[in-house]
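All values below come from the heavy atoms of this structure, side chains included, with hydrogens, waters and symmetry mates left out. The chains referred to below are lettered A, B, ... by the order of the sequence lines, with proteins before strands, and numbering in each begins at 1.
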Amino acid sequence: MNKVAIVKQRLIELLTQAASEAQQLGKLPSVALPEVAVEHPQNPEHGDYASSFPLKLARATGVNPLAIAENMVGLIVSSPEIDTITVAPPGFINFTLKSDWLTRQVDSILVAGDSYGSVDLGRGSRVQLEFVSVNPTGPLHVGHGRGAILGDALANVLTATGYKVEKEYYINDAGSQIDAFYRSLYARYQQCLGIDAEVPTGGYLGGYVTDLAKEIIAETGDRFLALPEPEAVLQLGQLGLDRMIKLIRSDLELLGVTFDVWFSERSLYDKGQYQTAVSLLRQGGYIAEKEGAIWFVSTALGEDKDNVVVRGDGSPTYFASDIAYHYDKFLVRKFDKVINIWGADHQGHVSRMKAVVGALGIAPERLKVIISQLVTLRRGDELVRISKRSGDIITLREVVEEVGTDACRFFFLSRSADSQMDFDLELAKKQSVDNPVYYVQYAHARIASILRLAQQRGIDYGDGDVSLLTTEPELTLIRKMLLLPEIVEIVAHTLEPHHLAYYAQDLATVFHSFYTQCRVVSRDDEILTKARLKLVAAAKLVLAKTLNLMGMTAPEKM
RNA sequence: GCGCCUAUAGCUCAGCGGAUAGAGCAUCGGUCUUCGGAACCGAGGGUCGUGGGUUCGAAUCCCUCUAGGCGCGCCA
């Protein structure tokens with residue numbers, strides 16, 4: 001299915017073989033072979049693939065790299081995909097693919113259909129992807145949207161690469177922030193009913209809390225006033241919490257993001273994971289009591305400082321929950337791999353969480369944490385505050401409604417998670433026509449339109465002969481289409497979905513260029529028309545697959 | 001002070017050990033008898049933050065420094 005990836009792998013095999021044969025023949029000193037790397041040269045004159053293996057080998061052996069290359073080329077077995085193998089100074093081996101092999105891939109892509117671009121790397125191993133997991137104490141803002149899109153796109157790619165993926169949202173429904181939210185809501189509730197009350201210090205001041213209180217009053221009246229305060233805070237709070245979670249869920253759905261599991265923090269205490277996890281750590285000698293609190297002795301694992309698990313007042317910290325949570329992920333639910341996507345403000349939490357995982361006897365490599373850097377929102381030059389507690393916020397929902405789901409997703413995926421980004425609302429709107437999103441989608445719609453025309457004219461291109469696709473624009477398009485499996489592989493490996501966005505643009509560019517140079521549906525040449533219809537249909541498939549992996553729509557018309 | 005992230009074209013960003021550093025936007029100049037001009041073709045524009053080092057080869061790896069961001073709670 002993944003022909004190019006196989007070619008790449010095949011080339012690596014061939015090179016390795018050639019090298020060891022050269023060693024056996026005494027043409028090369030017997031040293032341990034360095035890793036064989038094969039890549040796409042940026043200059044097309046250097047072929048489809050190139051390897052600098054001889055240069056690497058030269059370092060290990062002290063032999064002239066050109067001589068190594070020459071020796072190896074003579075020993076490389078011929079292969080049906082490969083046209084020419086050449087040596088280029090200072091010691092590259094360049095490969096060119098046979099164009100008839102290339103054109104045949106059009107048929108292969110059409111046969112593969114939706115599964116084209118999928119590569120089985122995971123072999124069914126189970127991956128949990130936990131992301132967003134925002135405290136349900138307020139609506140989502142743009143920064144959360146970034147994590148949401150990142151996670152969702154990664155889930156798509158990992159699924160396409162043979163992993164069994166579960167998407168999970170961790171609901172922080174325990175702890176002091178929830179408390180503050182409950183009390184804030186109660187205060188607003190009282191205020192709306194004419195009672196003098198104040199939002200406690202450290203509480204949530206956003207107008208949405210008042211809105212929430214009003215909604216609850218509209219539906220259930222003032223019945224919580226009759227309850228004693230602690231009871232009222234709790235009951236009203238839980239009502240508010242449920243609504244908050246529903247709101248978050250619907251905001252995410254607007255972005256096209258859904259979850260398989262909504263996991264409650266509180267359940268970790270109800271079901272005993274917390275107790276078990278801590279006793280495991282205690283057995284390992286990682287738990288100590290000092291200064292009236294219970295600590296995780298992370299210094300024993302090379303951390304800068306120890307961390308409190310249970311406060312002096314007996315209440316567990318959020319760190320305690322996370323210990324239990326990761327115990328549950330790995331030792332109860334037994335995921336092979338766990339990926340957490342956190343905001344930049346949680347960076348400091350990464351190493352101690354890895355330490356916990358190690359202390360629980362789990363190989364720390366099984367936990368991957370992706371840190372997505374901050375998003376700042378602005379309108380032109382004006383910075384927009386997005387802090388939940390301070391009051392005025394622009395919600396993710398407002399942004400999505402203003403900019404559109406597909407554009408939002410593409411925008412978020414266009415930058416690596418490592419870079420901070422500015423989300424300029426003015427620009428996002430102003431650019432909507434020139435937006436790369438539309439450029440890519442337009443290519444897809446354009447193909448759809450061509451296929452519609454063909455259908456109108458009653459052309460059945462099922463018997464199209466792809467070997468007629470010999471011109472440069474056609475072959476360039478095919479070569480680009482054949483890159484998708486490699487991109488998918490890279491994304492699955494690096495967990496960096498932004499490569500998809502760049503690939504999508506590249507592919508669209510190559511298609512548009514082909515389009516202006518090659519007439520597809522022509523009355524003069526029915527045979528060529530059929531061949532090109534096949535090409536275009538395959539391109540449509542690849543474009544759609546790429547867009548779908550990003551969680552975007554591939555429109556037939558726009 | 002310590003940890004993490006970032007610094008590449010006017011702007012927003014890719015590239016992260018290979019052969020002449022790329023894209024989009026912006027600027028300038030071209031392309032329409034026929035499939036969607038939301039398009040295509042071309043041009044200009046770069047001491048890859050600084051200074052060292054490793055290497056046959058460095059934007060890419062290591063160290064120094066500078067600038068910006070985020071952390072360093074018995075908050076989450």
Between P on C13(B) and CG on D506(A), what's the gap in Å once rounded to a whole number? 19 Å
Can you tell me if S513(A) touches the phosphate of A39(B), counting only side-chain N or O atoms and a distance under 4.0 Å to OP1 or OP2? no
Should the side chain of H499(A) and the base of A14(B) be counted as holding a donor-acceptor pair, with the cut-off at 3.5 Å? no
Taken to the nearest whole Å, CZ/F410(A) to P/A14(B) is 13 Å
How does RNA chain B read in dot-bracket, base by base from 5' to 3', with Watson-Crick or G-U pairs under 3.5 Å and | used when the partner is on another strand? (((((((..((((....[...)))).(((((.......))))).....(.(((..]....))).))))))))....
How long is the line joining CZ of F181(A) and P of C75(B), in whole Å? 20 Å
Go through the N and O atoms of the side chain of N43(A) and the base of U20(B), and report whether any donor-acceptor pair is under 3.5 Å. yes
Separation of C35(B) C1' from Y461(A) OH (nearest whole Å): 14 Å
How far does CZ of R266(A) sit from CG of D173(A), to the nearest 0.5 angstrom? 4.5 Å
Using only side-chain N and O atoms of R415(A), determine if any of them is under 4.0 Å from OP1 or OP2 of A23(B). no
Whole-Å distance separating the CZ atom of R446(A) from the C1' atom of A39(B): 4 Å
Phosphate OP1/OP2 of A14(B): any S419(A) side-chain N/O under 4.0 Å: yes
Determine whether the aromatic ring of H498(A) stacks with the base of A14(B), defined as ring centroids separated by less than 5.5 Å and ring planes inclined by less than 30°. no
Are Y442(A) and the base of A39(B) stacked, counting only ring centres nearer than 5.5 Å and planes tilted under 30°? no
Just checking E556(A): base, sugar-phosphate only, or nothing, at a heavy-atom cut-off of under 4.0 Å? base
Can you tell me if K305(A) touches the phosphate of G73(B), counting only side-chain N or O atoms and a distance under 4.0 Å to OP1 or OP2? yes
